[in-house]
Each structure stands twice: as structure tokens, then as C-alpha cells.
Number of protein chains: 2
Amino acid sequence: MSAPALTKNQALVFDVLEKADGPLSAYTILDKLRDHGFRAPLQVYRALEKLLEYGVVHRLESINSFVACAHPGENCHSHGIVAFAICESCGQVMEFHDHEVDHRLMDWTKAKKFKAEKTTIEIRGQCEACAA
Amino acid sequence: MSAPALTKNQALVFDVLEKADGPLSAYTILDKLRDHGFRAPLQVYRALEKLLEYGVVHRLESINSFVACAHPGENCHSHGIVAFAICESCGQVMEFHDHEVDHRLMDWTKAKKFKAEKTTIEIRGQCEACAA
DNA sequence: ATCGCACACGTTATAGCATAACGCAATTGA
DNA sequence: TCAATTGCGTTATGCTATAACGTGTGCGAT
């Protein structure tokens, strides 16, 4: 599941996400890529689908947006569950990992024999700067 | 923040969610209430907004759906962070609470001086019955 | 009592997010 | 060479959510 070479569209989308200073919606990405020939949402969604699969991009479910993984170069899938703190004022996102949280959730799923595929942890609120 | 008496629309929406055996989208709720005079999405969304505020309904961010709280009568807001396991085959949702997970996340937010408002934990996968 | 306010409600319109279905081109491996 | 796979482009559509307007009702303060 490590990332193969990106296709042109995938590279364009990834580049936009990496240069952005916060999460972007698919349609925002589309707008930023119109100059590069993008015309339709599917061009973005298809690229995102692969980038998510490769683990180099994360989807923020609670705000329907996407961010580049905070671990450039590494495969983020190997870090365990990813958690996000999303500032609702400035839009900044902090990505972190807590193995103890992972263990607790794994314990629960094991006990219930639930086969976890994808886990979402998102904390919305105010970052230090914005809460002042 | 305890729940006052529900209005007619709120009661109708809550009733639909309680009787459902899984999460429902706002539009599914709308369809189920057309016989009761519902015509527009806003009638559902406005009711949901209040029900979420009262803590008697939860929103599942990862599937854009809503479920009645698993603790009838109690104010779910007092149970700490709520976590969900969502079976992608049968649609069943299990709601649970883990104070250790809460503590770990709280520790992180404290350390980062992040003011958490709302935390989402959702595990998607296969329930025991469907994984067989 | 009546004025002002808060709140629930109804309606229309629109904005924002995501995918279905078709066809074409390039690549790869049997 | 043929078939399978993958990426791509386009059009159309469906699903999710909210903006903006107006109505009516209850209720407390003056």
C-alpha cells in the first residue's frame, strides 16, 4: 500500500494540498486547478481516492475536506489511528497519534468482534491562538 | 442543557429516529414524515439541530446521518465523549463511551491549549454478524 | 394592554458535496 | 494480438445543507 509514482492529476491535487495552509474541500481544489485543465469534480475526487488509499492525504469527515498528511515521505497508515484537532476559527488542523487511544479502541472492537476498517477521530474547537 | 418538552416537529423527528433500527439521513427522515405534513428539508434540519443540542440525538459525521441516543431519558452529554462503531454492511450502530480515551484526548488538548467543543469518534467496519 | 422580543414554523431558492454512466486512450501481461 | 486494467474526460444527476424571506404565537416588561 506504499505510494507508487503519482499520475499527473494525482500530483496536481497533492501539490495543492501540500501548499495549502489548511484543509481544502474538493471543489476548492477544483477551482485552484482550473488553470491546469481541470473542469469537473470527478477529476479531483478520483485523484483524492488514490491519495487517500496511498495514505498521503487524509479526509476530515466532519468538515468534508482534505489535508496532506503531516508526515511527508512516510506512509501514514503505519502510524496507527490518526487524530485531528480542527480550529473552527482559523481552519488550522493539527494531526496527532496516540497509541493508548488506539489500544483502547482496539480493545473495544476485539471484545465486540467488530472488524474495524477505518477510524475517525476529530476534535473541533479553537486553537490556542484563536481561543484568546 | 437538559431537554425541554419537544415541539411537534422535534417530537416527530425524534420518534422516527427512535423507531429506526439504524441511522437515518435527513432526507430519509423527511420522506418518512411527508404523511405528517413535512415538505422541506429545513423542517428536518431545524428539528435535528435542537435534538442534537438537547443531547438526545447524535450525528454520525462519516455517513451524514443521525441516530437517537442509546441512553433514553438521560442526557448523553454527561457521559463524556461518545464513540460509535458503524457496520458498513448492515448499517447497525453501536454507541459506547471510554473514559480512558476521553482522558488521553483531554490531555492532548490541554497540552496544546486547544479548546475542544465537539469530538467525533467513529469506527467503520463490519459488525460480528456481518464479518462472518 | 400592547409593545417588543424570542422562537418555532413554512416556503422557495440556492449552495455545496459526491457519484453514476458513458466512452476513449494508454499500459501491461498472457 | 487480445483482454484486462487503469487513468482520464464529459455530461448528467443525486444527495446534503443552508440562506433568506415571511408568518404566527407566547410571554415578559413597561
Side-chain angles (χ1 to χ4, degrees), chain A residues 1-17 20 22-54 56-67 86 88 91 118 120 122 124, chain B residues 1-17 20 22-54 56-67 86 88 91 118 120 122 124:
Chain A
M1 191 66 78
S2 151
L6 300 182
T7 67
K8 182 160 168 288
N9 283 5
Q10 289 161 17
L12 285 167
V13 169
F14 183 62
D15 203 50
V16 166
L17 282 174
L24 300 177
S25 76
Y27 277 71
T28 302
I29 296 171
L30 173 58
D31 286 339
K32 287 179 182 293
L33 288 175
R34 290 204 188 273
D35 293 346
H36 294 266
F38 275 47
R39 317 286 316 259
L42 260 194
Q43 295 174 280
V44 177
Y45 282 108
R46 288 204 273 230
L48 286 172
E49 186 179 12
K50 288 300 179 183
L51 295 171
L52 290 167
E53 186 182 318
Y54 302 153
V56 296
V57 161
H58 300 294
R59 178 193 178 99
L60 302 176
E61 304 282 0
S62 63
I63 56 173
N64 298 315
S65 295
F66 304 84
V67 280
I86 305 165
E88 295 185 307
K118 176 80 171 68
T120 297
E122 294 175 19
R124 294 188 298 302
Chain B
M1 189 66 77
S2 151
L6 300 182
T7 66
K8 181 158 168 291
N9 283 4
Q10 289 161 17
L12 285 167
V13 169
F14 183 63
D15 204 50
V16 166
L17 282 174
L24 299 178
S25 76
Y27 279 74
T28 302
I29 297 170
L30 174 58
D31 286 338
K32 287 180 182 292
L33 288 176
R34 290 204 187 274
D35 293 345
H36 291 79
F38 275 47
R39 315 287 316 256
L42 260 194
Q43 294 175 281
V44 177
Y45 281 109
R46 288 204 272 233
L48 285 172
E49 186 179 13
K50 288 301 179 185
L51 294 171
L52 290 168
E53 187 182 318
Y54 302 152
V56 297
V57 161
H58 300 294
R59 177 193 179 100
L60 301 176
E61 304 282 359
S62 64
I63 56 173
N64 298 315
S65 295
F66 304 84
V67 279
I86 306 165
E88 296 186 305
K118 175 81 171 63
T120 296
E122 295 175 18
R124 294 189 297 303

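Below, read A as the first sequence line, B as the second, and so on, with proteins coming before strands; counting in each chain starts at 1.
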Can you check nucleotides 5-8 of chain C for protein contacts, nitrogen or oxygen pairs under 3.5 Å, and list what you find?
none

Look up atom [atom1] in [X] and atom [atom2] in [Y], then write down how far apart they are to the nearest 0.5 Å.
{"X": "A/F66", "Y": "A/Y45", "atom1": "CZ", "atom2": "OH", "answer": "6.0 Å"}
{"X": "A/I29", "Y": "A/L12", "atom1": "CD1", "atom2": "CG", "answer": "11.5 Å"}
{"X": "B/L51", "Y": "B/N9", "atom1": "CG", "atom2": "CG", "answer": "10.0 Å"}
{"X": "B/R34", "Y": "B/Q43", "atom1": "CZ", "atom2": "CD", "answer": "9.5 Å"}

Under a 3.5 Å cutoff, is there a donor and acceptor pairing between the side chains of B/R124 and A/T120? yes
Nearest-angstrom distance from the residue atom [atom1] of [X] to [atom2] of [N]:
{"X": "A/L30", "N": "D/dT10", "atom1": "CG", "atom2": "P", "value": "12 Å"}
{"X": "B/E61", "N": "D/dC15", "atom1": "CD", "atom2": "P", "value": "20 Å"}
{"X": "A/L33", "N": "D/dG9", "atom1": "CG", "atom2": "C1'", "value": "15 Å"}
{"X": "B/D31", "N": "D/dG14", "atom1": "CG", "atom2": "P", "value": "14 Å"}

Does B/Q43 put a side-chain nitrogen or oxygen below 4.0 Å from OP1 or OP2 of C/dC9?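 Checking C/dC9 against B/Q43, no side-chain N or O comes under 4.0 Å of OP1 or OP2.
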Does the B/E122 side chain pair with the main chain of B/I86, one donor and one acceptor, at a distance under 3.5 Å? no
Please determine if A/E53 and A/K50 form a salt bridge, counting it only when a charged side-chain N lies under 4.0 Å from a carboxylate O.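 A salt bridge links A/E53 with A/K50.
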Sugar-phosphate atoms are those with a prime plus P, OP1 and OP2; base atoms are the rest. Using that split, label each nucleotide of nucleotides 12-18 of chain C B, S or - for protein heavy atoms under 4.0 Å, 5' to 3'. B----BB
Which residue is it: B/L17, B/T28, B/N64, B/L60? I am looking for the one with a side chain to side chain contact (heavy atoms under 4.5 Å, CB included) to B/P23. B/L60
